[in-house]
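One structure below.
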Number of protein chains: 2
Amino acid sequence: MPARRAVPVAAPRRPRGRPRKTLAERDEGNRRQELVRAAARLFHRQGFAATTTRDIAAKAGMQSGSPFYHFKSKSDLLHAVMEEGLRAAGQRQAEALLTLQSDGTSAAAVAPEAALRALIRTQFDILLGPGSDFVPVMLYEWRSLTSRQRAGVAKLAREYEAPWVPVLQALRETGRLRADVHLARLLIFGALNWTVQWFDPKKGATLDDLTDAAMELFVHR
Amino acid sequence: MPARRAVPVAAPRRPRGRPRKTLAERDEGNRRQELVRAAARLFHRQGFAATTTRDIAAKAGMQSGSPFYHFKSKSDLLHAVMEEGLRAAGQRQAEALLTLQSDGTSAAAVAPEAALRALIRTQFDILLGPGSDFVPVMLYEWRSLTSRQRAGVAKLAREYEAPWVPVLQALRETGRLRADVHLARLLIFGALNWTVQWFDPKKGATLDDLTDAAMELFVHR
DNA sequence: CCTACCGATCGGTAGG
DNA sequence: CCTACCGATCGGTAGG
């Protein structure tokens with residue numbers, strides 16, 4: 001048998017195609033998420049412009065340049081915070097509405113009022129509950145997005161807002177709401193969103209108290 | 001007659017005491033006010049952190065270092081914007097309430113509802129009417145004050161808010177409001193303050209429309 | 001993801 | 001109030 005031609009020695013064989021993730025690579029998604037979480041908290045507490053990418057890196061345990069390995073720009077980080085916030089919010093809202101339909105109470109009569117209560121309670125949880133940095137950042141920092149990013153976020157926000165309209169419409173038809181439905185929705189959202197500015201759980205009121213007060217304020221007897 | 005001793009020639013006689021203001025000096029207050037106005041508009045449009053003192057100087061027709069002749073720091077300028085906003089707002093509110101008392105309608109019955117309408121309408125004017133940059137800046141940028149400045153602004157804000165409570169209390173006693181008075185006031189303020197985020201006069205609704213919608217939403221029949 | 005760095009910008013000041 | 005400037009900070013990048 002002739003000596004085989006020398007072939008370039010291949011590196012130790014590795015499986016073809018997409019490599020199985022090593023431990024470090026599997027971490028990658030987590031590191032990215034840690035950055036988003038750190039950014040959400042800092043943007044919420046200090047505002048976007050007053051937060052440096054160095055602050056965020058430090059909070060995620062990285063060096064100053066490292067966020068830019070995961071995100072093209074500071075504004076992309078802000079965008080990621082908002083998208084994550086709206087995604088989670090939409091999911092929670094959908095779950096709340098589903099629970100409502102399957103809880104067995106006779107739909108027709110109680111429905112719109114119970115639905116509004118569920119929507120409001122969910123909104124308070126998103127705005128003020130544990131881990132609630134993402135949506136407040138969206139509410140108070142959307143000016144800092146590029147206009148292209150802003151358009152995308154606005155679309156997600158409209159999807160989140162959509163389920164409120166038929167509920168308010170139904171309440172209006174039963175005389176429990178007098179105002180124009182669209183203006184009412186905007187005013188109600190303002191009342192809820194503004195709680196981010198003043199609500200302090202240490203002062204005694206709970207999110208349920210807040211929900212009761214809101215229902216009493218908006219829904220007529 | 002002996003020659004008089006030479007006396008140092010005095011500069012052209014000027015009146016004693018506080019000098020009459022020259023044109024340039026009379027301008028000084030105006031220049032300061034121009035800075036505050038320019039700052040209010042820019043802080044409102046871009047946010048405090050995203051506005052540079054150079055932006056403000058340029059808008060007031062000055063060089064980059066000149067704002068610091070009038071204000072010790074950027075944060076002092078912000079503080080001046082807020083104090084001016086609250087001062088003007090308090091004055092307008094007081095006028096609105098006075099007009100109410102002297103318009104001749106029999107007080108007892110209509111009073112609380114008419115009073116709430118006047119308060120809301122005034123608030124919309126302050127937030128959305130012509131020249132309405134100052135109070136929105138206060139609402140959305142108070143975090144950027146030093147804690148000492150914040151305490152002063154908070155005190156003025158409490159004075160502005162005070163007249164709302166007895167009005168809401170009276171409405172509650174006549175059954176036109178069901179919610180707790182203090183929570184109701186906070187929720188109502190949120191609904192009004194949030195209009196800064198979405199109200200667009202070009203979309204057809206007027207401040208009177210907004211006032212009607214708010215009254216219909218909050219005041220039960 | 002770190003190291004080392006750049007270019008730009010910013011609040012603020014001295015001196016007139 | 002302008003001129004001229006400083007020191008610090010910041011978003012972002014090259015190269016490994």
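In the text below, chain A, chain B and the rest are named by the order of the sequence lines, each starting its count at 1.
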Between the side chains of B:Glu95 and B:Arg92, is the shortest nitrogen-to-carboxylate-oxygen separation below 4.0 Å, so that they form an ion pair?
no
The side-chain contact (heavy atoms from CB on, under 4.5 Å) partners of B:Ala49 (sequence neighbours excluded) come to A:Ala49
In whole angstroms, the gap separating C1' of D:dC1 from NE2 of B:His70 amounts to 7 Å
Please tabulate, one pair per line, each protein N/O and nucleotide N/O from nucleotides 3-5 of chain C that are separated by under 3.5 Å, including the distance.
none

Check: Got a salt bridge between A:Arg37 and A:Asp133, using NZ or NE/NH1/NH2 to carboxylate O under 4.0 Å?
Finding: no
Atom CG of A:Leu35 and atom P of D:dG11 are separated, to the nearest Å, by 14 Å
Sorted by number, residues from residues 42-52 of chain B placing a heavy atom under 4.0 Å from DNA chain C are B:Thr51, B:Thr52
Residue pairs meeting ring-ring contact (aromatic ring centres under 6.0 Å, His included), one or both in residues 141-167 of chain A, sequence neighbours left out, come to A:Trp164-A:Phe189
From OH of B:Tyr69 across to C1' of C:dA14 the rounded distance in Å is 15 Å
note: B:Met62, atom CE; D:dC2, atom P; distance rounded to Å ~ 7 Å
Paired runs of 3 or more consecutive Watson-Crick or G-U pairs involving DNA chain C, with both pairing distances under 3.5 Å, are C:1-16 with D:1-16
Sequence neighbours excluded, the answer for side-chain contact (heavy atoms from CB on, under 4.5 Å) partners of A:Arg143 is B:Glu141
Quick note, ring-ring contact (aromatic ring centres under 6.0 Å, His included) partners involving residues 37-65 of chain B, not counting sequence neighbours, are B:Phe43-B:Phe48
- [ ] Measure from the side-chain N and O atoms of B:Gln149 to the backbone N and O of B:Thr146, and report whether any donor-acceptor pair falls under 3.5 Å.
- [x] yes
The complete set of salt bridge (charged side-chain N to carboxylate O under 4.0 Å, His left out) pairs with one or both residues in residues 194-210 of chain A, sequence neighbours excluded, reads A:Arg121-A:Asp208
Is it true that a side-chain atom of B:Ser66 and a backbone atom of B:Met62 form a donor plus acceptor pair closer than 3.5 Å? no
Is the ring centre of B:Tyr140 less than 6.0 Å from the ring centre of A:Trp194? yes
In short, salt bridge (charged side-chain N to carboxylate O under 4.0 Å, His left out) pairs touching residues 146-166 of chain A with sequence neighbours left out are A:Glu161-A:Arg185
Residues of residues 72-84 of chain B with a heavy atom under 4.0 Å from any atom of DNA chain C, listed by number, are B:Ser73, B:Lys74
From CZ of A:Phe68 across to P of C:dC6 the rounded distance in Å is 17 Å
Across all chains, not counting sequence neighbours, the ring-ring contact (aromatic ring centres under 6.0 Å, His included) partners of B:Phe71 are none
Rounded to whole Å, CD1 of A:Ile56 lies from P of C:dC1 at a distance of 15 Å
The complete set of salt bridge (charged side-chain N to carboxylate O under 4.0 Å, His left out) pairs with one or both residues in residues 47-75 of chain B, sequence neighbours excluded, reads B:Lys72-B:Asp76
